[in-house]
Amino acid sequence: MIPSKLEVLVDFGPTPDKVTVEKTLNYLNAQDDVQQAVFKNGAVMVETVLPSSVVLDMVIKTSGKRAVLQGYGDSTSAVAMVSSKCTTEQVLGVIRFTQTDSVLIADGSVDGLTPGLHGLHVHESGDLSMGCSSIGDHYNPLSSPHGSPADPPSERHAGDLGNIHADEQGRARFRIFDSVLQIDELLGRSVAVTQRADDLGRGSSPCSKINGDSGPPIACGVIARSAGIFQNAKRICACDGVVVWDEKDRPLAGKGRRLKDDKEQTGSGKCGGKTCCKV
Amino acid sequence: MLYHLLFLSVAGVIVSAQNVGNAPLRAIVKLSSPDGRDVHGNITLTQLEGRVHVEGSIYGLPPGQYGFHVHETGDITRGCISTGSHFNPEKKDHGHPSDEVRHVGDLGNVEFDMNRFSNINFEDKLIALYGPHNVLGRAIVLHEKADDFGRSDHPDSRKTGNAGGRVACGVIGIL
(Lines give C-alpha, C1' and ligand atoms only; values in the text may rest on other atoms or scores of the structure.)
Protein backbone atom coordinates (compact mmCIF):
# COMPACT_ATOMS: atom_id res chain seq x y z
CA MET A 1 0.00 0.00 0.00
CA ILE A 2 1.32 3.39 -0.97
CA PRO A 3 0.59 6.13 1.57
CA SER A 4 -0.73 9.60 0.76
CA LYS A 5 -0.04 12.85 2.55
CA LEU A 6 -3.02 14.82 3.81
CA GLU A 7 -3.12 18.36 5.13
CA VAL A 8 -6.10 18.60 7.46
CA LEU A 9 -7.09 22.02 8.68
CA VAL A 10 -8.79 21.80 12.09
CA ASP A 11 -10.74 24.62 13.66
CA PHE A 12 -8.62 24.66 16.83
CA GLY A 13 -9.15 28.40 17.18
CA PRO A 14 -6.51 31.16 17.37
CA THR A 15 -4.64 29.48 20.24
CA PRO A 16 -4.81 25.73 19.76
CA ASP A 17 -5.45 23.83 22.96
CA LYS A 18 -2.42 21.57 23.37
CA VAL A 19 -4.37 18.82 25.05
CA THR A 20 -6.84 18.57 22.17
CA VAL A 21 -4.08 18.68 19.56
CA GLU A 22 -2.12 15.97 21.39
CA LYS A 23 -5.21 13.82 21.82
CA THR A 24 -5.94 14.05 18.12
CA LEU A 25 -2.39 13.24 17.10
CA ASN A 26 -2.14 10.35 19.58
CA TYR A 27 -5.35 8.84 18.28
CA LEU A 28 -4.16 9.06 14.68
CA ASN A 29 -0.69 7.74 15.47
CA ALA A 30 -2.22 4.76 17.28
CA GLN A 31 -3.89 3.61 14.04
CA ASP A 32 -2.11 0.83 12.16
CA ASP A 33 -2.92 2.46 8.86
CA VAL A 34 -1.48 5.82 9.81
CA GLN A 35 2.26 6.09 9.19
CA GLN A 36 2.61 9.47 10.82
CA ALA A 37 0.54 12.37 12.12
CA VAL A 38 2.11 15.67 13.16
CA PHE A 39 0.94 19.23 13.81
CA LYS A 40 2.74 21.56 11.45
CA ASN A 41 2.08 25.09 10.19
CA GLY A 42 -1.29 25.11 11.91
CA ALA A 43 -2.48 21.95 10.19
CA VAL A 44 -2.57 18.26 11.03
CA MET A 45 -0.33 16.45 8.55
CA VAL A 46 -1.19 12.81 8.13
CA GLU A 47 0.63 10.20 6.13
CA THR A 48 -1.68 7.26 5.69
CA VAL A 49 -3.01 4.47 3.52
CA LEU A 50 -6.57 5.22 4.67
CA PRO A 51 -9.08 7.00 2.45
CA SER A 52 -8.97 10.73 3.20
CA SER A 53 -12.62 10.81 4.29
CA VAL A 54 -11.88 8.20 6.98
CA VAL A 55 -9.02 10.31 8.32
CA LEU A 56 -11.17 13.43 8.27
CA ASP A 57 -13.86 11.64 10.28
CA MET A 58 -11.25 10.48 12.81
CA VAL A 59 -9.92 14.01 13.24
CA ILE A 60 -13.39 15.49 13.66
CA LYS A 61 -14.50 12.85 16.16
CA THR A 62 -11.33 12.95 18.25
CA SER A 63 -10.86 16.70 18.34
CA GLY A 64 -14.53 17.59 18.49
CA LYS A 65 -13.70 20.42 16.07
CA ARG A 66 -14.59 21.22 12.53
CA ALA A 67 -12.03 20.10 9.99
CA VAL A 68 -11.50 20.23 6.25
CA LEU A 69 -9.01 18.66 3.90
CA GLN A 70 -6.86 21.57 2.78
CA GLY A 71 -4.28 19.76 0.70
CA TYR A 72 -3.89 16.29 -0.72
CA GLY A 73 -0.75 14.63 -2.07
CA ASP A 74 2.68 16.17 -2.36
CA SER A 75 2.80 16.44 -6.13
CA THR A 76 0.10 17.26 -8.67
CA SER A 77 -3.34 16.63 -7.29
CA ALA A 78 -6.84 16.85 -8.65
CA VAL A 79 -10.35 16.67 -7.31
CA ALA A 80 -13.81 16.03 -8.69
CA MET A 81 -17.03 16.71 -6.90
CA VAL A 82 -19.44 14.14 -8.26
CA SER A 83 -23.16 14.71 -8.04
CA SER A 84 -26.39 13.78 -9.68
CA LYS A 85 -28.93 16.33 -10.69
CA CYS A 86 -31.75 13.87 -10.46
CA THR A 87 -34.80 14.78 -8.49
CA THR A 88 -35.46 11.18 -7.55
CA GLU A 89 -32.15 10.56 -5.86
CA GLN A 90 -29.18 12.37 -4.56
CA VAL A 91 -25.73 10.96 -5.08
CA LEU A 92 -22.91 13.15 -3.84
CA GLY A 93 -19.24 12.59 -3.36
CA VAL A 94 -15.69 13.82 -3.61
CA ILE A 95 -13.00 11.92 -5.50
CA ARG A 96 -9.39 13.05 -5.16
CA PHE A 97 -6.49 12.06 -7.36
CA THR A 98 -2.80 12.28 -6.72
CA GLN A 99 0.14 11.05 -8.75
CA THR A 100 3.03 9.08 -7.30
CA ASP A 101 6.07 7.81 -9.20
CA SER A 102 4.48 4.44 -9.80
CA VAL A 103 0.73 4.87 -9.63
CA LEU A 104 -2.20 7.25 -9.69
CA ILE A 105 -4.22 7.16 -6.48
CA ALA A 106 -7.98 7.75 -6.63
CA ASP A 107 -9.32 8.41 -3.14
CA GLY A 108 -13.01 8.96 -2.69
CA SER A 109 -16.16 8.98 -0.67
CA VAL A 110 -19.52 8.81 -2.41
CA ASP A 111 -22.91 8.83 -0.65
CA GLY A 112 -26.42 8.01 -1.76
CA LEU A 113 -25.70 4.85 -3.75
CA THR A 114 -27.66 1.64 -3.69
CA PRO A 115 -25.68 -0.89 -1.64
CA GLY A 116 -23.32 -3.02 -3.71
CA LEU A 117 -20.94 -2.49 -6.58
CA HIS A 118 -20.93 0.49 -8.94
CA GLY A 119 -18.60 1.15 -11.86
CA LEU A 120 -16.11 4.02 -11.67
CA HIS A 121 -14.86 5.48 -14.95
CA VAL A 122 -13.01 8.48 -16.28
CA HIS A 123 -14.88 9.88 -19.30
CA GLU A 124 -13.26 11.70 -22.20
CA SER A 125 -15.07 15.01 -21.84
CA GLY A 126 -15.74 17.42 -18.99
CA ASP A 127 -18.93 18.76 -20.53
CA LEU A 128 -21.69 18.89 -17.91
CA SER A 129 -24.01 21.06 -20.02
CA MET A 130 -26.48 18.17 -20.19
CA GLY A 131 -25.52 16.57 -16.92
CA CYS A 132 -23.85 13.18 -17.03
CA SER A 133 -25.23 12.52 -20.52
CA SER A 134 -22.78 14.90 -22.21
CA ILE A 135 -19.50 13.61 -20.75
CA GLY A 136 -18.86 11.28 -23.68
CA ASP A 137 -17.51 7.74 -23.62
CA HIS A 138 -14.96 6.21 -21.30
CA TYR A 139 -11.58 7.90 -21.76
CA ASN A 140 -9.91 5.58 -24.24
CA PRO A 141 -6.95 7.07 -26.11
CA LEU A 142 -5.80 3.66 -27.40
CA SER A 143 -9.22 2.63 -28.74
CA SER A 144 -9.17 -0.51 -26.61
CA PRO A 145 -12.18 -2.58 -25.58
CA HIS A 146 -13.64 -2.06 -22.10
CA GLY A 147 -11.92 -4.08 -19.40
CA SER A 148 -10.65 -4.41 -15.88
CA PRO A 149 -8.12 -2.02 -14.33
CA ALA A 150 -5.87 -5.08 -13.98
CA ASP A 151 -5.85 -5.64 -17.75
CA PRO A 152 -3.03 -4.33 -19.95
CA PRO A 153 -3.64 -0.94 -21.65
CA SER A 154 -4.55 -2.66 -24.92
CA GLU A 155 -7.40 -4.50 -23.23
CA ARG A 156 -8.96 -1.78 -21.13
CA HIS A 157 -9.97 1.83 -21.51
CA ALA A 158 -7.48 4.08 -19.74
CA GLY A 159 -10.52 5.39 -17.87
CA ASP A 160 -11.60 1.97 -16.55
CA LEU A 161 -11.19 2.15 -12.78
CA GLY A 162 -13.30 -0.93 -11.99
CA ASN A 163 -15.87 -0.94 -9.22
CA ILE A 164 -16.43 0.77 -5.92
CA HIS A 165 -18.46 -0.84 -3.15
CA ALA A 166 -21.28 0.95 -1.38
CA ASP A 167 -22.13 -0.26 2.13
CA GLU A 168 -25.59 -0.71 3.62
CA GLN A 169 -25.78 3.02 4.26
CA GLY A 170 -25.15 3.72 0.60
CA ARG A 171 -21.66 5.06 1.18
CA ALA A 172 -18.65 3.96 -0.83
CA ARG A 173 -15.19 4.79 0.45
CA PHE A 174 -12.24 3.72 -1.58
CA ARG A 175 -8.60 4.17 -2.37
CA ILE A 176 -7.71 2.79 -5.79
CA PHE A 177 -4.25 2.51 -7.37
CA ASP A 178 -3.94 2.66 -11.12
CA SER A 179 -0.79 2.21 -13.15
CA VAL A 180 -2.20 3.26 -16.53
CA LEU A 181 -3.79 6.66 -15.97
CA GLN A 182 -1.63 9.75 -15.44
CA ILE A 183 -2.96 12.78 -13.60
CA ASP A 184 -2.02 15.26 -16.34
CA GLU A 185 -4.33 13.59 -18.85
CA LEU A 186 -7.24 13.66 -16.40
CA LEU A 187 -7.54 17.41 -15.91
CA GLY A 188 -10.69 18.79 -17.54
CA ARG A 189 -12.14 15.34 -18.15
CA SER A 190 -14.79 13.85 -15.90
CA VAL A 191 -15.26 10.93 -13.57
CA ALA A 192 -18.55 9.11 -13.18
CA VAL A 193 -20.13 6.49 -10.94
CA THR A 194 -22.54 4.12 -12.68
CA GLN A 195 -25.89 2.71 -11.73
CA ARG A 196 -24.79 -0.92 -11.69
CA ALA A 197 -21.70 -3.04 -11.22
CA ASP A 198 -19.09 -3.08 -13.98
CA ASP A 199 -18.56 -6.65 -15.26
CA LEU A 200 -15.03 -5.62 -16.31
CA GLY A 201 -15.57 -6.76 -19.89
CA ARG A 202 -16.20 -10.36 -18.78
CA GLY A 203 -19.98 -10.49 -19.18
CA SER A 204 -22.14 -11.91 -21.92
CA SER A 205 -24.04 -8.69 -22.60
CA PRO A 206 -23.06 -6.87 -25.79
CA CYS A 207 -22.46 -3.84 -23.56
CA SER A 208 -19.81 -5.70 -21.61
CA LYS A 209 -17.00 -4.70 -24.00
CA ILE A 210 -18.29 -1.12 -24.12
CA ASN A 211 -19.10 -0.11 -20.57
CA GLY A 212 -19.05 -3.34 -18.57
CA ASP A 213 -22.84 -3.38 -18.74
CA SER A 214 -22.74 -0.95 -15.82
CA GLY A 215 -25.71 1.20 -16.84
CA PRO A 216 -25.82 4.97 -17.10
CA PRO A 217 -23.63 7.26 -15.02
CA ILE A 218 -25.68 8.36 -12.00
CA ALA A 219 -23.21 10.91 -10.66
CA CYS A 220 -20.36 12.71 -12.33
CA GLY A 221 -18.10 15.72 -12.08
CA VAL A 222 -15.28 17.49 -13.88
CA ILE A 223 -11.76 16.58 -12.71
CA ALA A 224 -10.24 19.83 -11.52
CA ARG A 225 -6.83 21.00 -10.43
CA SER A 226 -6.56 21.17 -6.65
CA ALA A 227 -4.05 22.15 -4.02
CA GLY A 228 -1.48 19.68 -2.79
CA ILE A 229 -0.23 19.90 0.77
CA PHE A 230 0.94 23.39 1.70
CA GLN A 231 0.14 24.72 -1.76
CA ASN A 232 -2.89 26.64 -0.62
CA ALA A 233 -1.93 29.63 1.49
CA LYS A 234 -5.54 30.52 2.19
CA ARG A 235 -6.93 29.33 5.47
CA ILE A 236 -10.54 28.74 6.31
CA CYS A 237 -12.68 31.63 5.24
CA ALA A 238 -14.97 32.87 7.98
CA CYS A 239 -17.82 33.08 5.52
CA ASP A 240 -17.25 29.58 4.31
CA GLY A 241 -17.72 26.96 7.00
CA VAL A 242 -17.33 23.32 6.33
CA VAL A 243 -18.55 21.24 3.50
CA VAL A 244 -21.50 19.16 4.55
CA TRP A 245 -20.12 15.72 3.86
CA ASP A 246 -16.97 16.56 5.75
CA GLU A 247 -18.74 17.47 8.93
CA LYS A 248 -21.08 14.57 9.36
CA ASP A 249 -20.53 10.93 10.01
CA ARG A 250 -23.83 10.01 8.52
CA PRO A 251 -24.27 10.00 4.78
CA LEU A 252 -25.44 13.22 3.26
CA ALA A 253 -27.56 11.27 0.87
CA GLY A 254 -28.91 7.79 0.92
CA LYS A 255 -31.62 5.81 2.64
CA GLY A 256 -34.25 8.09 4.05
CA ARG A 257 -33.00 10.99 2.01
CA ARG A 258 -34.01 9.60 -1.29
CA LEU A 259 -37.50 10.50 -2.38
CA LYS A 260 -38.03 7.16 -4.01
CA ASP A 261 -36.07 4.09 -4.81
CA ASP A 262 -33.82 4.54 -7.79
CA LYS A 263 -34.15 1.09 -9.29
CA GLU A 264 -36.10 2.36 -12.23
CA GLN A 265 -33.44 4.34 -13.96
CA THR A 266 -33.94 4.40 -17.66
CA GLY A 267 -30.90 4.71 -19.84
CA SER A 268 -31.76 5.91 -23.29
CA GLY A 269 -28.48 4.91 -24.92
CA LYS A 270 -27.82 1.53 -26.40
CA CYS A 271 -25.82 0.54 -23.34
CA GLY A 272 -27.63 2.82 -20.97
CA GLY A 273 -24.84 5.28 -21.50
CA LYS A 274 -27.08 8.29 -21.31
CA THR A 275 -28.12 10.31 -18.36
CA CYS A 276 -30.06 9.06 -15.39
CA CYS A 277 -32.54 11.84 -15.61
CA LYS A 278 -33.77 14.65 -17.78
CA VAL A 279 -31.76 17.80 -17.39
CA MET B 1 13.75 6.74 -50.93
CA LEU B 2 10.13 6.95 -52.01
CA TYR B 3 9.31 4.45 -49.31
CA HIS B 4 11.03 6.63 -46.73
CA LEU B 5 9.18 9.73 -47.87
CA LEU B 6 5.93 7.86 -47.70
CA PHE B 7 6.77 6.58 -44.25
CA LEU B 8 7.67 10.09 -43.04
CA SER B 9 4.48 11.61 -44.37
CA VAL B 10 2.36 8.88 -42.79
CA ALA B 11 4.23 9.36 -39.51
CA GLY B 12 3.65 13.10 -39.81
CA VAL B 13 -0.08 12.63 -40.17
CA ILE B 14 -0.15 10.36 -37.13
CA VAL B 15 1.84 12.87 -35.04
CA SER B 16 -0.37 15.80 -35.97
CA ALA B 17 -3.49 13.76 -35.32
CA GLN B 18 -2.14 12.89 -31.88
CA ASN B 19 -1.39 16.51 -31.16
CA VAL B 20 -4.96 17.43 -31.88
CA GLY B 21 -6.07 14.57 -29.64
CA ASN B 22 -3.77 15.59 -26.80
CA ALA B 23 -4.42 19.31 -26.91
CA PRO B 24 -8.16 19.76 -26.92
CA LEU B 25 -9.19 22.87 -28.73
CA ARG B 26 -12.49 23.51 -27.06
CA ALA B 27 -13.61 23.64 -23.47
CA ILE B 28 -16.85 24.25 -21.62
CA VAL B 29 -17.88 25.52 -18.21
CA LYS B 30 -21.23 24.95 -16.61
CA LEU B 31 -21.65 27.76 -14.10
CA SER B 32 -23.86 27.25 -11.10
CA SER B 33 -24.34 28.61 -7.62
CA PRO B 34 -23.32 26.25 -4.80
CA ASP B 35 -25.48 28.34 -2.45
CA GLY B 36 -28.58 27.40 -4.41
CA ARG B 37 -29.09 30.83 -6.01
CA ASP B 38 -30.73 30.77 -9.41
CA VAL B 39 -27.63 31.77 -11.35
CA HIS B 40 -26.52 29.48 -14.14
CA GLY B 41 -25.01 29.39 -17.57
CA ASN B 42 -22.85 27.58 -20.07
CA ILE B 43 -19.71 29.13 -21.53
CA THR B 44 -17.47 27.65 -24.19
CA LEU B 45 -13.80 28.43 -24.76
CA THR B 46 -12.32 27.88 -28.19
CA GLN B 47 -8.57 27.97 -28.78
CA LEU B 48 -7.70 30.14 -31.79
CA GLU B 49 -4.23 31.18 -32.85
CA GLY B 50 -2.75 33.11 -29.94
CA ARG B 51 -6.11 33.77 -28.34
CA VAL B 52 -9.19 32.11 -26.89
CA HIS B 53 -12.74 32.90 -27.90
CA VAL B 54 -15.08 32.96 -24.89
CA GLU B 55 -18.75 32.66 -25.69
CA GLY B 56 -21.98 31.84 -23.90
CA SER B 57 -24.67 33.17 -21.64
CA ILE B 58 -25.40 33.40 -17.95
CA TYR B 59 -28.76 33.98 -16.30
CA GLY B 60 -29.57 35.28 -12.88
CA LEU B 61 -28.18 38.66 -11.81
CA PRO B 62 -29.70 42.17 -11.83
CA PRO B 63 -28.51 44.59 -14.53
CA GLY B 64 -24.91 45.66 -14.04
CA GLN B 65 -21.26 44.68 -14.29
CA TYR B 66 -19.83 41.70 -12.45
CA GLY B 67 -16.26 40.42 -12.11
CA PHE B 68 -15.47 37.36 -14.20
CA HIS B 69 -12.22 35.51 -13.54
CA VAL B 70 -10.38 32.25 -14.02
CA HIS B 71 -9.29 30.99 -10.60
CA GLU B 72 -6.25 28.90 -9.86
CA THR B 73 -7.89 25.60 -9.00
CA GLY B 74 -11.16 23.99 -9.94
CA ASP B 75 -11.76 22.67 -6.46
CA ILE B 76 -15.44 23.30 -5.72
CA THR B 77 -15.70 20.87 -2.80
CA ARG B 78 -16.31 23.77 -0.42
CA GLY B 79 -18.22 25.89 -2.90
CA CYS B 80 -16.64 28.62 -5.00
CA ILE B 81 -14.34 29.65 -2.15
CA SER B 82 -12.09 26.59 -2.53
CA THR B 83 -11.09 27.57 -6.08
CA GLY B 84 -8.24 29.66 -4.66
CA SER B 85 -7.10 33.04 -5.98
CA HIS B 86 -7.17 34.42 -9.52
CA PHE B 87 -5.05 32.28 -11.87
CA ASN B 88 -1.78 34.20 -11.75
CA PRO B 89 1.17 32.10 -12.92
CA GLU B 90 3.28 35.18 -13.62
CA LYS B 91 2.74 36.70 -10.17
CA LYS B 92 1.53 40.06 -11.40
CA ASP B 93 -0.93 42.54 -9.91
CA HIS B 94 -4.59 42.42 -10.77
CA GLY B 95 -5.66 44.41 -13.81
CA HIS B 96 -7.92 44.98 -16.80
CA PRO B 97 -7.90 42.30 -19.53
CA SER B 98 -6.18 44.73 -21.91
CA ASP B 99 -3.51 45.74 -19.35
CA GLU B 100 0.08 44.60 -19.57
CA VAL B 101 0.01 44.02 -15.84
CA ARG B 102 -2.80 41.61 -15.05
CA HIS B 103 -3.43 38.11 -13.81
CA VAL B 104 -3.80 35.59 -16.63
CA GLY B 105 -7.23 34.86 -15.11
CA ASP B 106 -8.40 38.48 -15.22
CA LEU B 107 -11.21 38.40 -17.78
CA GLY B 108 -12.75 41.69 -16.62
CA ASN B 109 -16.48 42.14 -16.15
CA VAL B 110 -19.54 40.65 -17.73
CA GLU B 111 -22.69 42.73 -18.12
CA PHE B 112 -26.19 41.60 -17.21
CA ASP B 113 -29.22 43.16 -18.91
CA MET B 114 -32.75 43.99 -17.72
CA ASN B 115 -33.82 40.39 -18.26
CA ARG B 116 -31.07 39.13 -15.93
CA PHE B 117 -29.17 37.71 -18.91
CA SER B 118 -25.56 38.19 -19.79
CA ASN B 119 -24.46 37.38 -23.30
CA ILE B 120 -20.76 36.72 -23.36
CA ASN B 121 -18.69 36.98 -26.51
CA PHE B 122 -15.09 38.13 -26.38
CA GLU B 123 -11.55 37.03 -27.07
CA ASP B 124 -8.61 36.95 -24.70
CA LYS B 125 -4.94 36.75 -25.60
CA LEU B 126 -3.57 35.40 -22.33
CA ILE B 127 -5.65 32.40 -21.36
CA ALA B 128 -5.04 29.21 -23.32
CA LEU B 129 -6.18 25.60 -23.50
CA TYR B 130 -2.61 24.27 -23.43
CA GLY B 131 0.80 25.24 -22.13
CA PRO B 132 1.70 27.36 -19.09
CA HIS B 133 -1.51 29.42 -19.31
CA ASN B 134 -3.71 26.34 -19.63
CA VAL B 135 -7.04 26.95 -17.92
CA LEU B 136 -8.40 23.38 -18.25
CA GLY B 137 -9.34 21.98 -14.86
CA ARG B 138 -9.42 25.45 -13.31
CA ALA B 139 -12.59 27.36 -12.41
CA ILE B 140 -14.42 30.33 -13.84
CA VAL B 141 -15.91 32.43 -11.06
CA LEU B 142 -18.64 35.08 -11.35
CA HIS B 143 -18.41 37.66 -8.57
CA GLU B 144 -21.07 39.68 -6.76
CA LYS B 145 -19.68 43.11 -7.69
CA ALA B 146 -17.94 44.86 -10.54
CA ASP B 147 -14.20 44.43 -11.00
CA ASP B 148 -12.44 47.82 -10.64
CA PHE B 149 -9.41 46.52 -12.60
CA GLY B 150 -6.96 47.44 -9.84
CA ARG B 151 -7.68 51.13 -10.31
CA SER B 152 -9.44 52.08 -7.06
CA ASP B 153 -8.08 52.97 -3.62
CA HIS B 154 -9.64 49.95 -2.00
CA PRO B 155 -6.97 47.70 -0.42
CA ASP B 156 -8.25 44.69 -2.42
CA SER B 157 -8.22 46.52 -5.73
CA ARG B 158 -4.81 45.31 -6.89
CA LYS B 159 -5.43 41.80 -5.64
CA THR B 160 -8.94 41.03 -6.70
CA GLY B 161 -10.39 44.15 -8.29
CA ASN B 162 -12.58 44.38 -5.18
CA ALA B 163 -15.23 42.31 -6.92
CA GLY B 164 -16.57 40.89 -3.66
CA GLY B 165 -17.91 37.42 -2.97
CA ARG B 166 -18.35 34.56 -5.39
CA VAL B 167 -21.83 34.08 -6.80
CA ALA B 168 -21.36 31.20 -9.21
CA CYS B 169 -18.55 29.02 -10.49
CA GLY B 170 -17.78 25.97 -12.57
CA VAL B 171 -14.86 23.80 -13.62
CA ILE B 172 -13.44 24.29 -17.11
CA GLY B 173 -13.82 20.90 -18.77
CA ILE B 174 -12.75 19.45 -22.10
CA LEU B 175 -15.49 19.73 -24.70
Side-chain angles (χ1 to χ4, degrees), chain A residues 9 68-72 76-83 85 92-97 109 123-131 134-136 139 141 143 183-190 220-228 231-234 236-246 279, chain B residues 17-18 20-32 34-36 40-45 47 56-57 70-89 105 129-130 134-140 144 159-160 164-166 169-175:
Chain A
L9 212 53
V68 293
L69 193 66
Q70 176 82 350
Y72 183 72
T76 316
S77 63
V79 64
M81 219 181 96
V82 296
S83 63
K85 301 291 181 209
L92 258 182
V94 177
I95 302 174
R96 296 176 185 277
F97 299 90
S109 176
H123 287 247
E124 60 189 4
S125 151
D127 177 2
L128 298 183
S129 61
M130 299 202 300
S134 46
I135 58 174
Y139 175 53
S143 301
I183 202 157
D184 291 337
E185 59 186 338
L186 295 184
L187 299 169
R189 300 191 193 278
S190 55
C220 61
V222 183
I223 302 170
R225 294 165 203 262
S226 69
Q231 285 173 4
N232 193 345
K234 288 202 171 180
I236 288 183
C237 169
C239 56
D240 171 30
V242 181
V243 67
V244 274
W245 49 89
D246 283 347
V279 189
Chain B
Q18 274 187 342
V20 169
N22 290 341
L25 296 178
R26 294 190 78 207
I28 185 163
V29 187
K30 183 175 185 173
L31 284 183
S32 61
D35 311 326
H40 53 86
N42 283 319
I43 296 154
T44 59
L45 292 86
Q47 180 72 57
S57 63
V70 177
H71 284 237
E72 191 171 359
T73 80
D75 183 345
I76 51 172
T77 54
R78 283 183 271 145
C80 299
I81 197 73
S82 44
T83 59
S85 310
H86 296 179
F87 177 40
N88 184 20
L129 299 183
Y130 63 91
N134 190 353
V135 296
L136 285 174
R138 306 188 193 278
I140 284 187
E144 64 174 1
K159 291 182 202 156
T160 65
R166 305 171 182 194
C169 57
V171 185
I172 304 173
I174 295 169
L175 183 60

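Lettering follows sequence order; numbering is per chain, from 1.
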As a quick check of understanding, evaluate side chain to side chain contact (heavy atoms under 4.5 Å, CB included) for A:Met81 and B:Arg78, giving each step before the final call. CA-CA 10 Å; A:Met81 219 181 96; B:Arg78 283 183 271 145; over 6 Å; no

dist B:Asn42:CG -> A:Ser134:OG (nearest 0.5 Å) comes out at 8.5 Å

Taking all atoms of both residues into account, what is the closest heavy-atom pair of B:Gly74 and A:Ala224, and its distance? O-CB, 3.0 Å

Rounded to the nearest 0.5 angstrom, the OG1-CG distance for B:Thr77 and A:Leu69 is 8.0 Å

Side chain, backbone, both or neither: which part of A:Glu124 has a non-hydrogen atom closer than 4.5 Å to chain B? backbone

Nearest 0.5 Å, please: how far is CZ in A:Arg225 from CD1 in B:Ile172? 9.0 Å

Spacing of B:Leu136 atom CG and A:Asp184 atom CG [to the nearest 0.5 Å]: 12.0 Å

With rounding to the nearest 0.5 Å, note down the distance linking CD1 in B:Ile174 to CG in A:Leu186. 9.0 Å

Contact summary for A:Ile223 and B:Val171, nearest pair of heavy atoms: O-CG1, 4.5 Å

In short, A:Ser129 meets B:Ile28 closest at the heavy-atom pair CB-CD1, 3.8 Å

Measure the OG-CD distance between A:Ser226 and B:Glu72 for me, rounded to the nearest 0.5 Å. 11.0 Å

